[in-house]
Amino acid sequence: MYSFQTNAGRKKSRQQIRLLCVIIFILAIALIGVTVSYIHTLGVSEATSEALMARVLSEASGAQGAVYRLTQSSGTNTMTLLSTVRSHIYAIQSINNIASNIYGAGTVLADGDLLSACIQTITDIEERMQAGSVLTTLQTQLRDQVDQVVGSFGGAI
């Protein structure tokens, strides 16, 4: 005849419950791990964003200070001040590239066209300076462009 275990259904049910409990426990641990990882990554992302913005603001402020000294100088240190403004503008462009690489194409902290216009104006000033021309209008134009760059940060400087 047939041997029949009276508790076979209960044992199988208990094993399934234990297995489900283990699976739920593993999933809960995995969810906690993913959540902690996400929170950490979010914090790092915010810190990176803040650091990039702080650096851009610093460079913009430096460019603005140098361009104002340029428009008030007597001309003896014009090339030095122009190179200082150029280096600040290049730094802002570099930070824009970094932000774009980190956060995706199209992400910029400062308007790239305006930065390119600043570089072009600096080049024009250098060319006119070598030719011995008057620089007042170009210096004013550069000052206005740098003020626009600074103004694009909404008064954060």
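The basis for the numbers below is simple: all heavy atoms, side chains too, and nothing from hydrogens, waters or symmetry mates.
- Considering only heavy atoms from C-beta on, Leu70 stays 4.5 Å or farther from Asn77 through its side chain.
- The side-chain hydrogen bond (donor to acceptor under 3.5 Å, both in side chains) test applied to Tyr68 returns Asp147, not counting sequence neighbours.
- Side-chain heavy-atom separations under 4.5 angstrom define the hydrophobic clusters, and the remaining members of the one that includes Val22 are Ile26.
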Trace of the side chain to side chain contact (heavy atoms under 4.5 Å, CB included) decision for Val67 with Thr84 = CA-CA 9 Å; Val67 81; Thr84 301; over 6 Å; no
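- Residue Ile23 belongs to a hydrophobic cluster whose other members are Leu19, Leu27, with links defined by side-chain heavy atoms closer than 4.5 Å.
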Ignoring hydrogens and angles, write down the donor-acceptor pairs under 3.5 Å from the side chains of residues 134-141, residues two or more places apart or on other chains.
unit_1: Thr140; atom_1: OG1; unit_2: Thr136; atom_2: O; d: 2.9

Can you give me every donor-acceptor pair (side chain of residues 93-100, partner residue at least two apart or in another chain, under 3.5 Å) with its distance?
unit_1: Ser94; atom_1: OG; unit_2: Tyr90; atom_2: O; d: 3.1
unit_1: Asn96; atom_1: OD1; unit_2: Leu109; atom_2: N; d: 2.7
unit_1: Asn96; atom_1: OD1; unit_2: Ala110; atom_2: N; d: 3.1
unit_1: Asn96; atom_1: ND2; unit_2: Ala110; atom_2: O; d: 2.7

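- Chaining together hydrophobic side chains whose heavy atoms lie under 4.5 Å apart leaves Leu20 on its own.
- Scored by the side chain to side chain contact (heavy atoms under 4.5 Å, CB included) test, Ser37 finds Thr41 as partners (sequence neighbours excluded).
- Scanning for side-chain hydrogen bond (donor to acceptor under 3.5 Å, both in side chains) contacts around Arg128 gives an empty result, with sequence neighbours left out.
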Exercise answer: donor-acceptor pairs, residues 46-53 side-chain atoms, under 3.5 Å, sequence neighbours excluded:
unit_1: Thr48; atom_1: OG1; unit_2: Val44; atom_2: O; d: 2.9

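- Hydrophobic cluster membership for Ile29: Phe25 (Ile, Leu, Val, Met, Phe, Trp, Tyr linked by side-chain heavy atoms under 4.5 Å, directly or transitively).
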Please set out all donor-acceptor pairs under 3.5 angstrom arising from side-chain atoms of residues 115-122, sequence neighbours excluded.
unit_1: Ser116; atom_1: OG; unit_2: Gly112; atom_2: O; d: 3.1
unit_1: Gln120; atom_1: NE2; unit_2: Asp124; atom_2: OD1; d: 2.9
unit_1: Thr121; atom_1: OG1; unit_2: Ala117; atom_2: O; d: 2.9
unit_1: Thr121; atom_1: OG1; unit_2: Gln145; atom_2: OE1; d: 2.8
unit_1: Thr121; atom_1: OG1; unit_2: Gln145; atom_2: NE2; d: 3.3

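- With sequence neighbours left out, the salt bridge (charged side-chain N to carboxylate O under 4.0 Å, His left out) criterion links Arg86 to Glu126.
- With values rounded to the nearest 0.5 angstrom, Arg143 atom CZ is found 10.0 Å from Gln64 atom CD.
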